[in-house]
Amino acid sequence: MKKPPFTTLVSRAVVLPADDVDTDQIIPARFLKGTQKTGLGQVLFADWRSRPDFPLLQPSAAGAKILVTGNNFGCGSSREHAPWALVDFGFRAVIARSFADIFKGNATKNGLLPVALPEAACVRLELAIKANPALELTVDLDKERVSLPEGGWISFSIDPFAKHCLASGLDELGYILGFADRIKAYEQR
Amino acid sequence: MPRTLFDKIWDAHVVAEEAGRPAVLYIDLHLVHEVTSPQAFAGLAERGLEVHRPDRTVATMDHSIPTNGLPIADDAARTQLRTLAENCAKHGITLYDAESTNRGIVHVIGPELGYTQPGMTVVCGDSHTSTHGAFGALAFGIGTSEVEHVLASQCLLQRKPKTLEVRFEGALREGVSAKDLVLAMCAELGVGGATGHVIEYTGPAIRALDMEGRMTVCNMSIEAGARAGMIAPDETTFAYLRGRPHAPKGAAWNAAIERWRDLRTDEGAQFDRTVIIDATRIAPMITFGTNPGMGIPVTARVPSPDDAGPGERAALAKALLYMGLTAGEPLLGKKVDVVFIGSCTNARISDMRAAAAVMRGKKVAPGVRVLVVPGSQDVKRAAEAEGLHEVFRDAGAEWREPGCSMCIAMNGDMIEPGQYAVSTSNRNFEGRQGKGGRTFLASPETAAAAAITGKVTDARTLVGGAS
Ligand code: SF4
């Protein structure tokens, strides 16, 4: 299905300071018994919500569309419920040191932009957000860059096809089905 | 040009590849289960599409199905299972449903029924699809959008991953299992260490493993972040497959063997990376932390965050806090509340035998709950034919119906907050086996030993343990 295209995102950001955040944390398995993709935002990080310092529920985080976090974000289970829950909660981009493979693919298919930035840049963003939670970041997909708090930009790279799909809202299945004849021919080899 | 095993399978499945675009990769076998498929079938219906190759699609019920027998009390689980049954009936997909005598965990029944074969591309909406790589297949987990893609087209868009050879030199010592080998690898590479790569496992310690041990190893490739794990097929592979219900028969079998013999990395082929591990130095392993890379020999002491690199210090401290452990304390002797023997990692007949060998004639320690959950109805029958269920029951363990059970805590089987479990499954993430639960991952031998003593135990020190 056609998704709303991803344009430039300007938003406040919330910092989740953790490495290797697995998809069991993003959405525990007991919430995977449904048959829909919707309404999962309310169980995003369900088991971390009761912690008083849980960043996503601080008043200053309300409305933030960008999550800033550690390395290997989204490791573990392939559940696409993870990006569904993040998007339903309101996120449109995750800035991390690195991403797990399956999560990264699942994210872009749901209009959630994974932005991998080097450690130093992430630390700068985190310190600036801590100092001023109202700080707005700009994620510019077209130019593949994120605004820096003290001015200027830091670039990131993204698979050109994933970028194309995000920017145009194009869906991969439509692209694959464009090869229907080649698929048939392959099957008849 | 010499090619790796991975390259050969990849090259043989590229249907199309436009400049700058990912390859359109053909999928030979698509395995489906109840949790990650309903939204994919719904997407198909929304677009008015059919399943392109129902004959290459096989479904089972494993994740949310309870293991204490029918009827299913949980409304949500029942709806999810019914949805799968309806979707399979509508599209003509073979389903191993609740009543099937071959039902089981998707990664147990695929190989067991002979669906998984060398040289295939295999996918499933489940990250442990890497298991099937044990047969020299390229097998990897996908998300639900991709499940929909494969249902509709039998193809996926994929960028070619990098290759990583993990070579195990030497032989495993007595009392050390395939699970220990792969836990040792996860500890060595770290939980994200193989991200972006497909692992090929090589070396004498791998060759010496039987198919079930190889499946245990490939199963946990994803726990080091790898896209897939694979082992070149050999006589062990062929002997396992011969005569399985969906394996080729007669002349087709002979032709298949001929083709499969070529599925090996050519002399001189280049991997993007190689890691060499001395198998002779691997001890029985156990995890102490909250990801599968946090593993140590069962006889070792819990590492201290102070000794870790700056990048790992915080994660280690956080893990110890969650686990209620102190740096420097030994795990041996740590009291456990629950023992789980099961999951797609260790619920095959050899795992049942290994656990039964430790528990035979003994009693479960007072206060310890022990769940033994065979991976499939076939495993259950085979175990019962050998009387293993009596060994477990006599000891005081529960012998359950097949399913994912306590590996994932979404089917009624779970540990309670604060409890410690020794588990033969593959993930010790916070809350994976139940909110607030604490998991020690280990082999069936180590788990069975803990069941008997009620404590983390080196199975080699128990009579009958290392035999
Ligand atoms: S046993 Fe556990 S890891 Fe394996 S498929 Fe089931 S839930 Fe996933």
Side-chain angles (χ1 to χ4, degrees), chain A residues 1 17-20 22-25 28-37 46-48 70-72 75-84 97-107 109-110 119 159-162 164-165 171-180 182-183 185-187, chain B residues 15-16 20-22 24 26 35-36 38-39 42-43 46-47 52-53 63-64 74 76-77 79-80 83 125-127 129 141-146 148-149 152-157 159 161 191-192 195-196 222-223 225 227 291 293 311-312 314-315 318 408-410 427 429-432 435-436:
Chain A
M1 297 286 111
D19 289 332
D20 303 314
D22 58 80
T23 53
D24 274 273
Q25 306 316 311
R30 62 183 186 278
F31 301 112
L32 309 188
K33 284 187 253 181
T35 55
Q36 312 280 326
K37 302 178 180 183
D47 291 347
W48 289 7
N71 61 42
N72 197 29
C75 64
S77 159
S78 61
R79 62 191 67 165
E80 200 160 319
H81 306 68
W84 295 338
R97 276 74 167 173
S98 62
F99 292 91
D101 292 330
I102 304 179
F103 176 84
K104 189 163 63 179
N106 285 342
K109 290 180 183 64
N110 289 281
E119 171 73 20
D159 181 284
F161 185 71
H164 173 67
C165 290
D171 111 89
E172 289 191 9
L173 181 52
Y175 178 78
I176 299 174
L177 291 173
F179 292 94
R182 301 276 292 271
I183 297 170
Y186 179 91
E187 288 175 324
Chain B
V15 171
R21 300 275 155 108
V24 179
Y26 196 79
V35 175
T36 55
Q39 298 86 350
E46 255 176 69
R47 297 173 196 253
H52 180 59
R53 291 297 296 265
H63 283 67
S64 61
D74 181 339
T79 303
Q80 197 172 56
T83 304
D126 190 285
S127 60
T129 308
I142 57 177
T144 295
S145 296
E146 291 174 315
E148 186 181 334
H149 299 173
S153 68
Q154 205 59 29
C155 288
L156 269 183
L157 290 179
R159 291 278 180 193
V191 69
T195 302
I222 178 73
E223 306 313 336
R227 203 69 187 89
N291 73 50
E312 287 147 42
K318 186 165 157 277
I408 191 162
M410 65 178 294
R427 285 187 173 141
F429 297 146
E430 289 180 21
R432 168 76 179 193
K435 187 175 176 180

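Throughout, a chain's letter reflects where its sequence line sits, starting with A, and its residues are numbered from 1.
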In terms of heavy-atom pairs under 4.5 Å with chain B, which of [options] leads?
| options | answer |
| --- | --- |
| Cys75(A), Ala180(A), Gly34(A), Pro83(A) | Gly34(A) |
| Thr23(A), Asn72(A), Thr35(A), Asp20(A) | Thr35(A) |
| Asn106(A), Asn71(A), Ile176(A) | Ile176(A) |
| Ser77(A), Pro160(A), Ala100(A) | Ser77(A) |

Tell me, for [X] versus chain B, whether the close heavy atoms (under 4.5 Å) come from the side chain, the backbone, both or neither.
| X | answer |
| --- | --- |
| Asp19(A) | side chain |
| Leu32(A) | both |
| Glu187(A) | side chain |
| Glu172(A) | both |
| Ile183(A) | both |

| Interatomic distance, Arg432(B) atom CZ to Gln25(A) atom CD [nearest 0.5 angstrom] | 10.5 Å
Determine the option with the most heavy-atom pairs under 4.5 angstrom with chain A, choosing from [options].
| options | answer |
| --- | --- |
| Gly196(B), Gly293(B), Gly20(B), Ser64(B) | Gly196(B) |
| Lys318(B), Gln154(B), Arg159(B) | Arg159(B) |
| Glu312(B), Glu223(B), Arg53(B) | Arg53(B) |
| Val191(B), Thr83(B), Ile222(B) | Val191(B) |
| Ile142(B), Thr36(B), Thr129(B) | Ile142(B) |
| Ala16(B), Ala315(B), Ala409(B) | Ala16(B) |

| message | If you apply the rule side-chain contact (heavy atoms from CB on, under 4.5 Å), what do you find for His52(B) with Ser153(B), and how did you get there? | response | CA-CA 5 Å; His52(B) 180 59; Ser153(B) 68; 5.5 Å; no
| query | Using the ring of each side chain (for Trp, its six-membered ring), is Phe179(A) parallel, tilted or perpendicular to Tyr175(A), with breaks at 30° and 60°? | reply |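 Aromatic pair Phe179(A)/Tyr175(A) classed perpendicular.
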| field | Criterion side-chain contact (heavy atoms from CB on, under 4.5 Å) on Ile408(B) and Val35(B), from CA distance to verdict | value | CA-CA 12 Å; Ile408(B) 191 162; Val35(B) 175; over 6 Å; no
| query | Run the side-chain contact (heavy atoms from CB on, under 4.5 Å) check on Ser127(B) and Arg427(B) step by step: do they pass? | reply | CA-CA 11 Å; Ser127(B) 60; Arg427(B) 285 187 173 141; 2.8 Å; yes
Under-4.0 Å salt bridge between [X] and [Y]:
| X | Y | answer |
| --- | --- | --- |
| Arg47(B) | Asp171(A) | yes |
| Arg30(A) | Asp74(B) | no |
| Glu146(B) | Lys109(A) | yes |

Give, as side chain, backbone, both or neither, the part of [X] having an atom under 4.5 angstrom from any heavy atom of chain A.
| X | value |
| --- | --- |
| Ser145(B) | both |
| Val24(B) | side chain |
| Ala314(B) | neither |
| His63(B) | neither |
| Ala42(B) | neither |
| Leu157(B) | both |

| request: May I ask you to check whether Gln39(B) and Thr144(B) show a side-chain donor-acceptor distance below 3.5 Å? | output: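 There is no such pair between these side chains.
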| Could you go step by step and tell me if Asp47(A) and Glu430(B) meet the side-chain contact (heavy atoms from CB on, under 4.5 Å) rule? | CA-CA 9 Å; Asp47(A) 291 347; Glu430(B) 289 180 21; over 6 Å; no
| query | Can you find a pair of side-chain heavy atoms, one from Thr195(B) and one from Ser98(A), that are under 4.5 Å apart? | reply | no
| query | Are Arg227(B) and Ile102(A) close enough that some pair of their side-chain heavy atoms sits under 4.5 Å apart? | reply |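 When only atoms from C-beta onward are counted, Ile102(A) and Arg227(B) do touch, with a gap below 4.5 Å.
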| request: Using modelled atom types only, decide if a donor and an acceptor are shared between the side chain of Arg79(A) and the backbone of Asp126(B) within a distance under 3.5 Å. | output: no
